[in-house]
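Keep in mind the model is a prediction, meaning the values are calculated, not measured. We name chains A, B, ... by the order of the sequence lines, and we start the count at 1 in each one.
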2 protein chains.
Amino acid sequence: MHSPELLKGTLQTIILKVLKDHGKMYGYEITQRVKELSCDRILVTEGALYPTLHKLEAEKILKTETVMMGRRVRKYYSLTPEGKNLAKARVSEFVDFIKTMSNVLQVQMT
Amino acid sequence: MHSPELLKGTLQTIILKVLKDHGKMYGYEITQRVKELSCDRILVTEGALYPTLHKLEAEKILKTETVMMGRRVRKYYSLTPEGKNLAKARVSEFVDFIKTMSNVLQVQMT
DNA sequence: ATTAATACATAAGTGATTTATGTATTAGAA
DNA sequence: TTCTAATACATAAATCACTTATGTATTAAT
């Protein structure tokens, strides 16, 4: 598991990019996807995830579709056009940040 | 300037690595060094810097030497042996984190 | 002379995230 | 068949690194 401090500020970027790559996803699915992609090193907690999803929905960055799976509610999230732009921007912002950090820490990220 | 959210959690790593590379440094010098290395994209604020330096000193990760420059006090910080180990650990922790993020965000950091 | 830069310091406020808690369904193991 | 773990949502209090604001004082520049 990675230091929780370093994760701070990356949650929105992660959510947006995973949604961009996988289309419609529900909350729990996002946590599992991230867990898998990160080899169990990034565990998105529900307490962080759901408020963030709700916030992004309120900001029209995500839109939702609620589906009944048998008796269980499932809420699918997907990017709005605005959200697609933001996803792109957030990822390149992160890449830029890493480039800067490479210079400051004098390390090679390969 | 980079998103302040992404910077969160990187301050200690930055301070430790810069001190490792440059030996004895005083607070203001650290802010300038980081500003320079980051091409003005990371500005370490004093409100974040000094409390962190004091904390690391209290934890025996840094040691200090106070010098009078004319009439002005200058407090030089340097790594203790423990601090050198921590610096190394923090940097490789950061590199690992970036590798994980590359997988999650599916981007190449080169 | 006045402003900007140098150089330290601390305290209140912010806000994303953690931790804790709650509800309910479904699958699997003993 | 009953209990546990996994699935699936949600919210609220607490934390803590960091921002913002403020303070003091020296030195250099215009």
Contact under 4.0 Å: [X] side-chain N or O vs [N] OP1/OP2:
| X | N | value |
| --- | --- | --- |
| B:H54 | C:dT10 | yes |
| B:Y26 | C:dC8 | no |
| B:Y50 | C:dA9 | no |

* To do: Quickly work out the A:I30 CD1 to D:dA10 C1' distance and round it to whole Å.
  =>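 Checked: the CD1 to C1' distance equals 15 Å.
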
* B:M1 has an atom CE; how far is it from atom P of D:dT20, in whole Å? ->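 Going from CE in B:M1 over to P in D:dT20 covers 8 Å.
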
* More than 12 non-hydrogen atoms from neighbouring residues, nucleotides or ligands closer than 6.0 Å to NZ on B:K84, yes or no? ->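 No, NZ of B:K84 has 12 or fewer neighbouring heavy atoms, counting only those of other groups under 6.0 Å.
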
* Do A:I15 and A:V34 pass the side-chain contact (heavy atoms from CB on, under 4.5 Å) test, and can you show the C-alpha distance, the side-chain angles, and the key distance before you say yes or no? -> CA-CA 9 Å; A:I15 292 173; A:V34 173; over 6 Å; no

* Go through the steps for A:E29 and A:R74 under the test side-chain contact (heavy atoms from CB on, under 4.5 Å), then give the verdict. => CA-CA 10 Å; A:E29 193 183 5; A:R74 205 178 258 179; over 6 Å; no

* Carboxylate-amine/guanidinium proximity below 4.0 Å for B:K8 and B:E5 ->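 Here B:K8 does not pair with B:E5 in a salt bridge, since their nearest N and O are not under 4.0 Å apart.
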
Which atoms of nucleotides 15-18 of chain D (N or O only) lie under 3.5 Å from a protein N or O atom, and what are those distances?
from: D:dC18; atom 1: OP1; to: B:G9; atom 2: N; distance (Å): 2.7

* To do: Determine the contact category for B:E29: base if any of its heavy atoms lies under 4.0 Å from a base atom, sugar-phosphate if only primed atoms, P, OP1 or OP2 are that close, otherwise nothing.
  =>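 B:E29: no heavy atom of the nucleic acid under 4.0 Å.
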
* To do: Start with the C-alpha distance between B:I14 and A:M101, add both sets of side-chain angles, then the distance that settles side-chain contact (heavy atoms from CB on, under 4.5 Å), and finish with yes or no.
  => CA-CA 8 Å; B:I14 289 171; A:M101 284 298 286; 3.9 Å; yes

* Considering only heavy atoms, which members of residues 67-74 of chain A lie under 4.0 Å from some atom of DNA chain C? ->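 Hits under 4.0 Å, by residue number: A:R71, A:R72.
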
* Pick from B:V18, B:D21, B:V91: which one makes a side chain to side chain contact (heavy atoms under 4.5 Å, CB included) with A:Q106? ->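 The single option meeting the side chain to side chain contact (heavy atoms under 4.5 Å, CB included) with A:Q106 is B:D21.
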
* Asked: Does A:Y77 offer a backbone N or O that forms a donor-acceptor pair with the side chain of A:T64 under 3.5 Å?
  ->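 Pair absent, no side-chain N/O of A:T64 close to backbone of A:Y77.
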
* To do: Verify side-chain contact (heavy atoms from CB on, under 4.5 Å) between B:L79 and B:L62, making sure each step is shown before the conclusion.
  => CA-CA 5 Å; B:L79 297 172; B:L62 300 180; 3.6 Å; yes

